Amino acid sequence: MTTIETHTDTAMPSPTAAGSGSAATDKFKNERATADTSPERLAAIAKDALSALHNVILEHGVTYPEYRVFKQWLIDVGEGGEWPLFLDVFIEHAVEEVLARSRKGTKGSIEGPYYVANAPILPSVSTLPMRAEDREITPLVFAGQVTDLDGNGLAGASLELWHADNDGYYSHFAPHLPDWNLRGTIITDGDGRYEITTIQPAPYQIPTDGPTGQFIEAQNGHPWRPAHLHLIVSAPGKESVTTQLYFAGGEWLDSDVASATKPELILDPTTGDDGKNHVTYNFVLDPA
(Lines give C-alpha, C1' and ligand atoms only; values in the text may rest on other atoms or scores of the structure.)
Protein backbone atom coordinates (compact mmCIF):
# COMPACT_ATOMS: atom_id res chain seq x y z
CA MET A 1 0.00 0.00 0.00
CA THR A 2 1.25 3.46 -0.88
CA THR A 3 0.55 5.85 1.97
CA ILE A 4 1.12 9.57 2.29
CA GLU A 5 1.71 10.38 5.93
CA THR A 6 0.70 13.85 7.01
CA HIS A 7 -0.15 15.66 10.20
CA THR A 8 -3.60 17.22 10.22
CA ASP A 9 -3.56 20.93 11.07
CA THR A 10 -6.99 21.97 12.24
CA ALA A 11 -6.01 25.61 11.72
CA MET A 12 -5.34 24.98 8.02
CA PRO A 13 -7.62 27.28 5.97
CA SER A 14 -10.18 25.56 3.79
CA PRO A 15 -9.62 25.66 0.02
CA THR A 16 -11.45 28.52 -1.67
CA ALA A 17 -12.87 29.05 -5.13
CA ALA A 18 -10.19 31.67 -5.75
CA GLY A 19 -7.40 29.33 -4.64
CA SER A 20 -8.68 26.36 -6.61
CA GLY A 21 -9.48 28.56 -9.59
CA SER A 22 -6.04 30.14 -9.67
CA ALA A 23 -4.38 26.72 -9.50
CA ALA A 24 -6.54 25.40 -12.33
CA THR A 25 -5.95 28.51 -14.42
CA ASP A 26 -2.18 28.40 -13.91
CA LYS A 27 -2.10 24.72 -14.90
CA PHE A 28 -4.10 25.35 -18.05
CA LYS A 29 -2.05 28.41 -19.03
CA ASN A 30 1.16 26.41 -18.69
CA GLU A 31 -0.20 23.76 -21.08
CA ARG A 32 -0.70 26.36 -23.86
CA ALA A 33 -3.50 24.53 -25.67
CA THR A 34 -3.58 24.64 -29.48
CA ALA A 35 -6.01 23.48 -32.17
CA ASP A 36 -5.66 23.08 -35.91
CA THR A 37 -8.57 25.42 -36.71
CA SER A 38 -8.62 27.26 -40.02
CA PRO A 39 -9.53 30.96 -40.11
CA GLU A 40 -12.65 30.07 -42.09
CA ARG A 41 -13.85 27.56 -39.50
CA LEU A 42 -13.06 29.96 -36.65
CA ALA A 43 -15.00 32.74 -38.38
CA ALA A 44 -18.02 30.46 -38.83
CA ILE A 45 -17.99 29.34 -35.19
CA ALA A 46 -17.52 32.88 -33.89
CA LYS A 47 -20.33 34.21 -36.09
CA ASP A 48 -22.80 31.57 -34.90
CA ALA A 49 -21.77 31.91 -31.25
CA LEU A 50 -22.25 35.68 -31.28
CA SER A 51 -25.48 35.32 -33.21
CA ALA A 52 -26.82 32.90 -30.60
CA LEU A 53 -25.92 35.32 -27.80
CA HIS A 54 -27.52 38.22 -29.69
CA ASN A 55 -30.71 36.19 -30.08
CA VAL A 56 -30.82 35.47 -26.34
CA ILE A 57 -30.47 39.19 -25.61
CA LEU A 58 -33.23 40.10 -28.06
CA GLU A 59 -35.58 37.27 -27.04
CA HIS A 60 -35.35 38.07 -23.33
CA GLY A 61 -35.11 41.83 -23.70
CA VAL A 62 -31.87 42.10 -21.72
CA THR A 63 -31.59 45.56 -20.16
CA TYR A 64 -28.53 47.78 -19.79
CA PRO A 65 -28.35 47.18 -16.01
CA GLU A 66 -28.42 43.42 -16.67
CA TYR A 67 -25.76 43.82 -19.34
CA ARG A 68 -23.51 45.73 -16.93
CA VAL A 69 -23.96 43.07 -14.27
CA PHE A 70 -23.01 40.46 -16.88
CA LYS A 71 -19.92 42.45 -17.86
CA GLN A 72 -18.86 42.80 -14.21
CA TRP A 73 -19.43 39.07 -13.65
CA LEU A 74 -17.19 38.21 -16.62
CA ILE A 75 -14.46 40.38 -15.15
CA ASP A 76 -14.88 38.73 -11.74
CA VAL A 77 -14.62 35.24 -13.24
CA GLY A 78 -11.36 36.17 -14.95
CA GLU A 79 -9.84 37.90 -11.95
CA GLY A 80 -10.82 34.99 -9.72
CA GLY A 81 -9.21 32.46 -12.07
CA GLU A 82 -12.51 30.61 -12.38
CA TRP A 83 -12.79 30.18 -16.14
CA PRO A 84 -11.56 26.55 -16.02
CA LEU A 85 -14.14 25.80 -13.33
CA PHE A 86 -17.03 27.54 -15.06
CA LEU A 87 -16.31 26.22 -18.55
CA ASP A 88 -15.69 22.64 -17.42
CA VAL A 89 -18.88 22.59 -15.34
CA PHE A 90 -21.26 24.28 -17.77
CA ILE A 91 -19.77 23.92 -21.28
CA GLU A 92 -17.47 20.90 -21.55
CA HIS A 93 -20.23 18.27 -21.56
CA ALA A 94 -21.47 19.58 -24.95
CA VAL A 95 -17.96 19.37 -26.46
CA GLU A 96 -17.65 15.83 -25.10
CA GLU A 97 -20.92 14.87 -26.81
CA VAL A 98 -19.39 15.88 -30.15
CA LEU A 99 -16.46 13.53 -29.52
CA ALA A 100 -18.83 10.72 -28.48
CA ARG A 101 -20.45 10.70 -31.93
CA SER A 102 -17.30 9.10 -33.39
CA ARG A 103 -16.74 6.46 -30.67
CA LYS A 104 -18.03 2.89 -30.32
CA GLY A 105 -16.23 1.93 -27.11
CA THR A 106 -16.65 3.08 -23.53
CA LYS A 107 -18.73 6.21 -23.05
CA GLY A 108 -16.77 9.31 -22.21
CA SER A 109 -17.52 12.19 -19.89
CA ILE A 110 -15.94 15.52 -18.98
CA GLU A 111 -12.37 15.79 -17.75
CA GLY A 112 -13.10 18.66 -15.38
CA PRO A 113 -10.62 21.27 -14.17
CA TYR A 114 -8.63 19.15 -11.71
CA TYR A 115 -6.66 16.72 -13.88
CA VAL A 116 -2.90 16.63 -13.30
CA ALA A 117 -0.60 14.70 -15.64
CA ASN A 118 2.21 12.35 -14.58
CA ALA A 119 0.57 10.82 -11.52
CA PRO A 120 2.66 8.06 -9.86
CA ILE A 121 2.94 4.84 -11.86
CA LEU A 122 1.33 1.88 -10.06
CA PRO A 123 1.14 -1.86 -10.90
CA SER A 124 -2.03 -3.59 -12.05
CA VAL A 125 -2.95 -4.54 -8.48
CA SER A 126 -2.36 -1.51 -6.29
CA THR A 127 -3.69 1.04 -3.81
CA LEU A 128 -3.90 4.73 -4.57
CA PRO A 129 -1.69 7.02 -2.50
CA MET A 130 -3.69 8.28 0.48
CA ARG A 131 -3.37 9.85 3.89
CA ALA A 132 -3.86 7.90 7.09
CA GLU A 133 -7.22 9.63 7.65
CA ASP A 134 -8.41 8.61 4.18
CA ARG A 135 -8.04 4.96 5.17
CA GLU A 136 -10.89 5.47 7.67
CA ILE A 137 -13.31 5.94 4.76
CA THR A 138 -15.13 2.99 3.16
CA PRO A 139 -12.58 1.17 0.96
CA LEU A 140 -13.50 0.62 -2.67
CA VAL A 141 -11.92 -2.19 -4.69
CA PHE A 142 -12.31 -1.21 -8.33
CA ALA A 143 -11.40 -3.97 -10.80
CA GLY A 144 -11.87 -4.83 -14.45
CA GLN A 145 -10.23 -5.20 -17.85
CA VAL A 146 -9.24 -2.92 -20.70
CA THR A 147 -10.01 -4.41 -24.13
CA ASP A 148 -10.28 -3.47 -27.77
CA LEU A 149 -13.60 -3.49 -29.64
CA ASP A 150 -13.24 -7.25 -30.24
CA GLY A 151 -12.83 -8.05 -26.55
CA ASN A 152 -9.08 -8.68 -26.63
CA GLY A 153 -7.30 -7.66 -23.43
CA LEU A 154 -4.83 -4.79 -23.82
CA ALA A 155 -1.63 -5.50 -21.91
CA GLY A 156 0.13 -2.44 -20.54
CA ALA A 157 -2.88 -0.16 -20.90
CA SER A 158 -2.83 2.91 -18.69
CA LEU A 159 -5.59 4.04 -16.32
CA GLU A 160 -5.06 7.52 -14.92
CA LEU A 161 -7.36 7.67 -11.91
CA TRP A 162 -8.07 10.64 -9.67
CA HIS A 163 -10.90 11.71 -7.39
CA ALA A 164 -11.76 13.96 -4.49
CA ASP A 165 -11.35 13.07 -0.84
CA ASN A 166 -14.31 12.61 1.51
CA ASP A 167 -14.65 16.38 1.88
CA GLY A 168 -14.74 17.04 -1.86
CA TYR A 169 -11.19 18.37 -2.26
CA TYR A 170 -8.61 17.41 -4.90
CA SER A 171 -4.89 17.17 -4.30
CA HIS A 172 -2.87 19.87 -6.10
CA PHE A 173 -5.86 22.20 -5.76
CA ALA A 174 -6.30 22.30 -1.98
CA PRO A 175 -3.52 23.57 0.28
CA HIS A 176 -4.06 21.02 3.04
CA LEU A 177 -3.66 17.94 0.79
CA PRO A 178 -0.31 16.37 -0.16
CA ASP A 179 0.54 16.07 -3.83
CA TRP A 180 -0.83 12.96 -5.56
CA ASN A 181 -3.31 12.18 -2.80
CA LEU A 182 -5.89 9.83 -4.37
CA ARG A 183 -4.19 9.97 -7.77
CA GLY A 184 -2.33 7.31 -9.70
CA THR A 185 -1.52 5.86 -13.13
CA ILE A 186 -2.26 2.13 -13.09
CA ILE A 187 -0.72 -0.17 -15.73
CA THR A 188 -2.73 -3.25 -16.66
CA ASP A 189 -1.30 -6.79 -16.58
CA GLY A 190 -0.71 -9.08 -19.57
CA ASP A 191 -4.46 -9.61 -20.01
CA GLY A 192 -5.38 -5.97 -19.64
CA ARG A 193 -6.69 -6.45 -16.09
CA TYR A 194 -6.42 -4.16 -13.10
CA GLU A 195 -7.51 -4.04 -9.45
CA ILE A 196 -7.30 -0.73 -7.62
CA THR A 197 -8.05 -0.11 -3.97
CA THR A 198 -9.09 3.41 -3.05
CA ILE A 199 -11.92 4.97 -1.03
CA GLN A 200 -15.50 5.43 -2.16
CA PRO A 201 -15.83 9.17 -2.70
CA ALA A 202 -18.73 11.28 -1.49
CA PRO A 203 -20.81 13.84 -3.40
CA TYR A 204 -19.38 17.32 -3.21
CA GLN A 205 -20.21 20.86 -4.19
CA ILE A 206 -18.08 22.88 -6.54
CA PRO A 207 -16.50 25.97 -4.93
CA THR A 208 -19.27 28.50 -4.29
CA ASP A 209 -17.51 31.50 -2.72
CA GLY A 210 -16.68 33.08 -6.07
CA PRO A 211 -18.51 34.24 -9.23
CA THR A 212 -19.35 30.69 -10.36
CA GLY A 213 -21.16 30.16 -7.09
CA GLN A 214 -22.92 33.51 -7.50
CA PHE A 215 -24.04 32.46 -10.98
CA ILE A 216 -25.64 29.31 -9.56
CA GLU A 217 -27.20 31.00 -6.53
CA ALA A 218 -28.71 33.83 -8.59
CA GLN A 219 -30.84 31.32 -10.50
CA ASN A 220 -31.75 29.23 -7.44
CA GLY A 221 -29.64 26.32 -8.67
CA HIS A 222 -27.50 23.92 -6.65
CA PRO A 223 -23.71 23.43 -6.86
CA TRP A 224 -23.54 19.68 -6.19
CA ARG A 225 -21.88 16.91 -8.14
CA PRO A 226 -22.64 13.23 -7.48
CA ALA A 227 -19.80 11.08 -6.15
CA HIS A 228 -17.52 10.02 -9.00
CA LEU A 229 -14.18 8.70 -10.14
CA HIS A 230 -12.23 10.42 -12.93
CA LEU A 231 -10.33 8.30 -15.44
CA ILE A 232 -8.31 8.61 -18.62
CA VAL A 233 -7.79 5.16 -20.14
CA SER A 234 -5.30 4.69 -22.96
CA ALA A 235 -3.25 2.05 -24.78
CA PRO A 236 -0.84 2.06 -27.74
CA GLY A 237 -2.69 2.17 -31.05
CA LYS A 238 -6.01 3.04 -29.40
CA GLU A 239 -7.99 6.18 -28.83
CA SER A 240 -7.88 7.21 -25.19
CA VAL A 241 -11.16 7.75 -23.36
CA THR A 242 -11.70 10.38 -20.70
CA THR A 243 -14.62 9.54 -18.46
CA GLN A 244 -16.20 9.59 -15.02
CA LEU A 245 -17.86 6.76 -13.13
CA TYR A 246 -20.72 7.34 -10.72
CA PHE A 247 -22.51 5.27 -8.08
CA ALA A 248 -26.00 3.80 -8.27
CA GLY A 249 -28.49 5.44 -5.94
CA GLY A 250 -26.13 8.33 -5.26
CA GLU A 251 -27.38 11.75 -4.33
CA TRP A 252 -27.43 14.35 -7.13
CA LEU A 253 -27.06 11.63 -9.78
CA ASP A 254 -30.10 12.94 -11.66
CA SER A 255 -29.32 16.63 -11.21
CA ASP A 256 -25.55 16.91 -11.62
CA VAL A 257 -24.60 20.57 -11.85
CA ALA A 258 -22.12 19.65 -14.61
CA SER A 259 -24.67 17.62 -16.64
CA ALA A 260 -22.03 14.91 -17.07
CA THR A 261 -23.71 11.69 -15.91
CA LYS A 262 -24.67 8.90 -18.31
CA PRO A 263 -26.51 5.61 -17.60
CA GLU A 264 -23.59 3.59 -19.01
CA LEU A 265 -21.24 5.09 -16.41
CA ILE A 266 -23.04 3.98 -13.24
CA LEU A 267 -21.27 1.62 -10.82
CA ASP A 268 -23.18 -0.57 -8.35
CA PRO A 269 -20.69 -1.81 -5.72
CA THR A 270 -21.46 -4.62 -3.31
CA THR A 271 -19.98 -5.05 0.16
CA GLY A 272 -17.75 -8.11 0.48
CA ASP A 273 -16.97 -10.26 3.49
CA ASP A 274 -13.87 -8.12 3.96
CA GLY A 275 -16.03 -5.05 4.64
CA LYS A 276 -14.85 -3.36 1.45
CA ASN A 277 -17.05 -2.25 -1.42
CA HIS A 278 -16.26 -4.16 -4.62
CA VAL A 279 -17.17 -3.30 -8.20
CA THR A 280 -16.10 -4.38 -11.68
CA TYR A 281 -16.02 -2.15 -14.74
CA ASN A 282 -14.47 -2.95 -18.12
CA PHE A 283 -13.18 -0.33 -20.55
CA VAL A 284 -13.37 -0.76 -24.33
CA LEU A 285 -11.09 1.39 -26.49
CA ASP A 286 -11.61 2.37 -30.12
CA PRO A 287 -8.75 1.99 -32.61
CA ALA A 288 -6.68 5.12 -33.17
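Fair warning: this is a prediction, and the values are worked out from it, not measured in the lab. The first residue of the sequence shown is numbered 1, and numbering continues consecutively from there.
Side-chain contact between Leu177 and Asp165 is present, with heavy atoms from C-beta onward closer than 4.5 Å. Inter-residue side-chain proximity for Ile187 and Tyr194 is flagged as unmet; no heavy-atom pair is nearer than 4.5 Å. Two residues are said to be in side-chain contact when any heavy atoms from C-beta on lie closer than 4.5 Å; Ser109 and Tyr246 meet this criterion.
Put simply, the side chain of His54 never gets that close to the backbone of Ala52: no donor and acceptor are under 3.5 Å apart.
Aromatic ring centres of Tyr170 and His230: separated by under 6.0 Å. Taking the six-membered ring for Trp and the full ring otherwise, Tyr281 and Phe142 have centroids separated by 6.0 Å or more. The six-membered or imidazole ring of Trp162 lies away from that of Tyr114, with a centre-to-centre distance of 6.0 Å or more. Centroid-to-centroid, the aromatic rings of Tyr204 and Trp224 stay 6.0 Å apart or farther.
Pairing each heavy atom of Leu85 with each of Ile206, the nearest pair is CD1-CB, 4.3 Å.
In this structure, the separation between CG on Leu285 and CD on Glu239 is 9.5 Å, given to the nearest 0.5 Å.
Glu97 meets the salt bridge (Lys or Arg N to Asp or Glu O under 4.0 Å) test with Lys262; sequence neighbours excluded. In this view, Arg183 satisfies the salt bridge (Lys or Arg N to Asp or Glu O under 4.0 Å) rule with no residue, not counting sequence neighbours.
Around the CZ atom of Arg41, the shell of radius 6.0 Å holds no more than 12 heavy atoms that belong to other residues, nucleotides or ligands. A 6.0 Å sphere centred on CG of Asn118 holds no more than 12 heavy atoms belonging to other residues, nucleotides or ligands. A 6.0 Å sphere centred on CD of Gln214 holds more than 12 heavy atoms belonging to other residues, nucleotides or ligands.
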Pair Asp256-Thr261, side-chain hydrogen bond (donor to acceptor under 3.5 Å, both in side chains): steps then yes or no: CA-CA 7 Å; Asp256 175 21; Thr261 62; 5.1 Å; no

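Linking ILVMFWY side-chain heavy atoms closer than 4.5 Å, directly or via other members, places Val279 and Leu231 in a single hydrophobic cluster.
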